[in-house]
Colleague: 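Handing you this structure, nothing more for now.
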Amino acid sequence: MSLQTGDFRRRYNEIKRALFDKFYSDLNERQREAVTTVNGPLLVLAGAGSGKTTVLVRRIVHIIKYGDAYNSDYVPEDADEASLLRYKYALETMTPDEIGELVLPDFRVDACRPWEMLAITFTNKAAGEIKSRLASALEGQDAFGSASEIWAGTFHSICMRILRRWGELVGYSSGFTVYDTDDTKRLISDCMRDLKIDEKTLPVKTVMNTISRAKDRLIDAEQFAAVMGDDYRGGKIAEIYKMYAARLLSSNALDFDDIIMQTVRLLTEHEDVREHYNRQFRYVSVDEYQDTNHAQFRLTSLLTGKHNNLMVVGDDDQSIYKFRGATIENILTFDSEYSDAVVIRLEQNYRSTQTILDAANALIAKNERRHGKTLWCAGEKGSKISLCELPNQIEEAKYIADTVEKLISSEGMKYRDFAVLYRMNAQSAPIEGAFAKAGVPYRMLGGLRFYDRKEIRDTVAYLSVIANPNDSVRLKRIINEPKRKIGNSAVAAAEEIAAVEGCGLYDVLTRADSYIALSRAAAAIGGFVRLIETLREFAASASVTELIDRTLELSGYREMLIAGGEAERDRLENLDQLMSNAYEYESGTEESSLTGFLEDVALVSEVDRYDETADAVVMMTIHSAKGLEFPIVFLPGMEDGIFPGMQSTSGEELEEERRLAYVAVTRAKKRIYMTRTHSRLLYGMTRFNPPSRFIAEMPSECISDETPVPEYARRQQFVKNEPPKPKYKDGAGVRVNVSKTPPPPTEYFGPGDIVHHRTFGRGEIISAVMMGADMMYEIIFDEVGTKKLMASYAKLEKA
DNA sequence: ATGGGGCTGCTTTTT
DNA sequence: GCAGCCCCAT
């Protein structure tokens, strides 16, 4: 029998919300709304630098600590006027932190236990960030449970956790292997060889990509064949897909796409498993939702179940992974997919100056397919974006190095304040060169990754075979590494036997001496099998670290490298590094195992080589810069043909490039230096690229052209038959035929002109250089590629 | 079976 | 311009 009146209840809830609002006073209103919107589908459109991770983490903590207290109207039976007074006093005197810790738990309604919370991210880095922030938010508050019980991880690690438990239901026995891109490529390549499909007519890359995209869309080999119908190329790929899938299964292996796809299959086909997780995961959040593909969308909705407590966070304007299957539709249609979804926009930016945001806003506004957001900040306008044209990529690199040094000496900046972000890795070489020459310390991301090095891959392959002898891709990788006289022909023969007998390759090897086809290599094979068996026995009782050491010893791999002398020194060091990684894994994991280590190797890329504390300029692609921020950003290669790339000059491709430009610009906190070159040597070809269209898409008042000398002498060297690209600011881009003085024998052409050649057909001039009295053209022909031709010999016509 | 030399081809990348 | 890969010669 409650004595609480309606008025009391209203005042109770008012003061409760005021307490929450004070607790969240360090958040802006939108952020607070996102954190306290607990039930039902929620889409948070988080602009660059808008505190997205903060919101994600605090919302999870909010639900675990307070549940739906903020929105609920529940008033406890024993609440009375005295409690109101107490709360009012707390509101006036306590700090936000004290309120959060001492008062708000009183209001707890329907809170959730940590293991009922699922938080999915894309990268291990993001997962690590979220985990560590959750850990510190929940530290020492055991009443709420431990942050480590929260299911926070990447799509792949979450799925692996599910598959390790239920994998048998979809045909995988325990200890299954994960194939990475390289393994996948080898396996597909093998399939193509066995199907006698020439890699020249159908590149492995294409096949791999097609199969991967199919898996993204949850299309299996049979369905794929059906969809392809009698399309020749498609039919061939369908054949490969079928064989590839069968071989993966017989190797007890999954590729990256399978990890998602098979989990979806598991949850679709096994209602009990699905219900198990639906009951468990009362709340689901997905980060970087703009990068999800269809399979991940399905997975999310299967895991979420009927309660629909699904929060997705992302920025449609930062969707830059279409090429690897991400579909921006997921984020664009979330609010129609979940019709009662709450949509919250985080537009206040805490990172950049207003000038940078103005430029970014104007740029991205050119895209059609977006939810629409406008970033703003409370801070200052800041300096204009600098733009500079340099003669070539060497000068461009020098300019960057000089500017770094200049700003360090004149403004006391540190090397680590600078980032050079480029569109393509190929752009990095000259910049590296200039930094090296100028003595600028730098750190480059995106070279060969640690686990992609040959010696590491080989060693990991040994471990994989020890853990799972059915893993034929890895088996083949190491069967003759180091050389032990088991050549391709012997392996091919053994594979054939395996195919005929329908057993594994390793099984055939164990009985090598009973096959005539293998008689020549039987002794060598026997030695290899004994090696693996010895190591398997050893593995049963040894640690992973010891196993690696023993493997390198007994296989002769280490010996081989030592024999290589100085040249192989790095490789030996890398293997030591692998052993210390294994050691680290074992000391940091409760139930360490060989399978666990291999899974880490497959799914966890190396612990970020990007050391934020080192005082060095950082160089990386724009793609890998997503999510990072730097005081000063250099954007070299602001040229059409580079950025946007020449194969993305219109439509969806161009929109994706523009999003990439948006990502690039929004990385900068204080200043941006854009550069472009007059001529650029790339892939051994000199190109003359016009300025990037993205420059013109930014408001001109945001940009200041710092090109040093008004005219370079070099302009004399190049003759064009048209005025240097119509600079008409006023009026339409009408081409005027100025001073047409074509010196005989031919009309001269300039870069960008489309010409026709009697034998080579249609082509585009990419460079025109005066050589003596003649002109040398470099032309990309549609049919025959690039040719260099002299004007007087080539009978070129304007096309 | 192995190693060396020519030829192609080549955005972006995490899992 | 360079690297990785295939083919060929040993």
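Here is the naming used below: chain letters follow the sequence lines, and residue numbers restart at 1 for every chain. No experiment lies behind these values; they were computed from the predicted model shown.
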Colleague: Do A:W166 and A:Y172 have a side chain donor and acceptor closer than 3.5 Å?
Modeller: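 No - no donor-acceptor pair under 3.5 Å links their side chains.
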Colleague: Whole angstrom is fine here: how far is it from CE in A:M560 over to C1' in B:dG3?
Modeller: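 Spelled out: CE on A:M560 to C1' on B:dG3 is 15 Å.
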Colleague: Pick one for B:dT11: is it syn, with its angle within 90° of 0, or anti?
Modeller: syn
Colleague: Can you find a heavy atom in the side chain of A:V286 that is under 4.5 Å from one in the side chain of A:Q296?
Modeller: no
Colleague: Figure out the CZ/C1' separation between A:R659 and B:dT13, and round it to whole Å.
Modeller: 16 Å
Colleague: In this structure, how many angstroms lie between the C1' atom of C:dG1 and the CZ atom of A:R680, rounded?
Modeller: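 Answer to the nearest Å: 15 Å.
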Colleague: Could you tell me whether the phosphate oxygens of B:dT15, OP1 or OP2, come under 4.0 Å of any side-chain nitrogen or oxygen in A:N293?
Modeller: no
Colleague: Base, sugar-phosphate, or nothing: which does A:Y321 touch, judged by heavy atoms less than 4.0 Å apart?
Modeller: sugar-phosphate
Colleague: Would you mind classifying the nucleic acid contact of A:D291 as base, sugar-phosphate or nothing, using non-hydrogen atoms under 4.0 angstrom?
Modeller: nothing
Colleague: Could you check, using the six-membered ring where one of them is a Trp, whether A:F323 and A:H623 have ring centers closer than 6.0 angstrom?
Modeller: yes
Colleague: Between A:D194 and A:R247, is the closest basic N to carboxylate O distance under 4.0 Å?
Modeller: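 Looking at A:D194 together with A:R247, the answer is yes, because their closest N to O distance falls below 4.0 Å.
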Colleague: If you look at every strand shown and take non-hydrogen atoms under 4.0 Å, does A:E657 touch a base, only sugar-phosphate, or nothing?
Modeller: base
Colleague: Closest to the A:R324 side chain: B:dT14, B:dT15, B:dT11?
Modeller: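 When the side chain of A:R324 is considered, B:dT14 is the closest of B:dT14, B:dT15, B:dT11.
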Colleague: With a 4.0 Å cutoff (strictly under), does any side-chain N or O of A:T621 reach OP1 or OP2 of B:dT13?
Modeller: yes
Colleague: Measuring only the P atom in each nucleotide, how far is C:dG4 from B:dT13? A whole number of Å is fine.
Modeller: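 Comparing P positions in C:dG4 and B:dT13 gives a spacing of 16 Å.
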Colleague: Indicate, yes or no, whether a donor-acceptor pair under 3.5 Å links the base of B:dT12 to the side chain of A:S624.
Modeller: no
Colleague: Looking at A:D180 and A:D183, would you say the former's side chain and the latter's main chain have a donor-acceptor pair under 3.5 Å?
Modeller: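 Yes.
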Colleague: Mind calculating the distance between CG (A:D216) and P (B:dT13) to the nearest angstrom?
Modeller: 18 Å
Colleague: Under 4.0 Å, heavy atoms only, any strand: does A:G487 hit a base, just the sugar-phosphate, or nothing?
Modeller: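 Touches sugar-phosphate only.
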Colleague: Could you check how far OH of A:Y451 sits from C1' of B:dT14, rounded to whole Å?
Modeller: 16 Å
Colleague: It should be established whether A:T154 places a side-chain nitrogen or oxygen under 4.0 Å from OP1 or OP2 of nucleotide B:dT14.
Modeller: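 No, no such contact exists.
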Colleague: Between A:S489 and B:dA1, is there a contact of a side-chain N or O with OP1 or OP2 at under 4.0 Å?
Modeller: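 Result: yes.
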Colleague: Taking only the side-chain heavy atoms of A:H623 (C-beta and beyond), determine which of B:dT15, C:dC5, B:dT12 contains the nearest atom.
Modeller: B:dT12
Colleague: Would you mind telling me which residue lines up with the more 5' stretch of DNA chain B, A:A490 or A:M424, judged by nearest nucleotide?
Modeller: A:A490
Colleague: Between P on B:dC10 and OH on A:Y683, what's the gap in Å once rounded to a whole number?
Modeller: 9 Å
Colleague: Distance check needed: B:dT14 P versus A:Q296 CD, whole Å only.
Modeller: 15 Å
Colleague: Could you state the atom-to-atom distance from NZ of A:K626 to P of B:dT15 in whole Å?
Modeller: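 In whole Å, B:dT15 P lies 12 Å from A:K626 NZ.
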Colleague: With respect to the phosphate group of B:dT12, does any side-chain polar atom (N or O) of A:N425 fall under 4.0 Å of OP1 or OP2?
Modeller: yes
Colleague: Would you mind telling me which residue lines up with the more 5' stretch of DNA chain B, A:I486 or A:R423, judged by nearest nucleotide?
Modeller: A:I486
Colleague: May I ask you to verify if any side-chain N or O of A:N480 is less than 4.0 angstrom from the OP1 or OP2 atom of B:dT2?
Modeller: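 Indeed, a polar side-chain atom of A:N480 lies that close.
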Colleague: Salt-bridged, A:R687 to A:E639, with N to O below 4.0 Å?
Modeller: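 No.
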Colleague: Considering only side-chain heavy atoms of A:L681, which listed nucleotide, B:dT15, B:dT11, C:dG1, is closest?
Modeller: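 Among B:dT15, B:dT11, C:dG1, the one nearest the side chain of A:L681 is C:dG1.
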Colleague: Stacking between B:dT12 and A:F323, yes or no? Criterion: centroid separation under 5.5 angstrom, plane angle under 30 degrees.
Modeller: yes
Colleague: Is any side-chain N or O of A:Y179 closer than 4.0 Å to OP1 or OP2 of B:dT15?
Modeller: no
Colleague: If you measure from the Lys or Arg side-chain nitrogens to the Asp or Glu carboxylate oxygens, is any gap between A:K626 and A:E288 under 4.0 Å?
Modeller: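 Here A:K626 pairs with A:E288 in a salt bridge, since their nearest N and O are under 4.0 Å apart.
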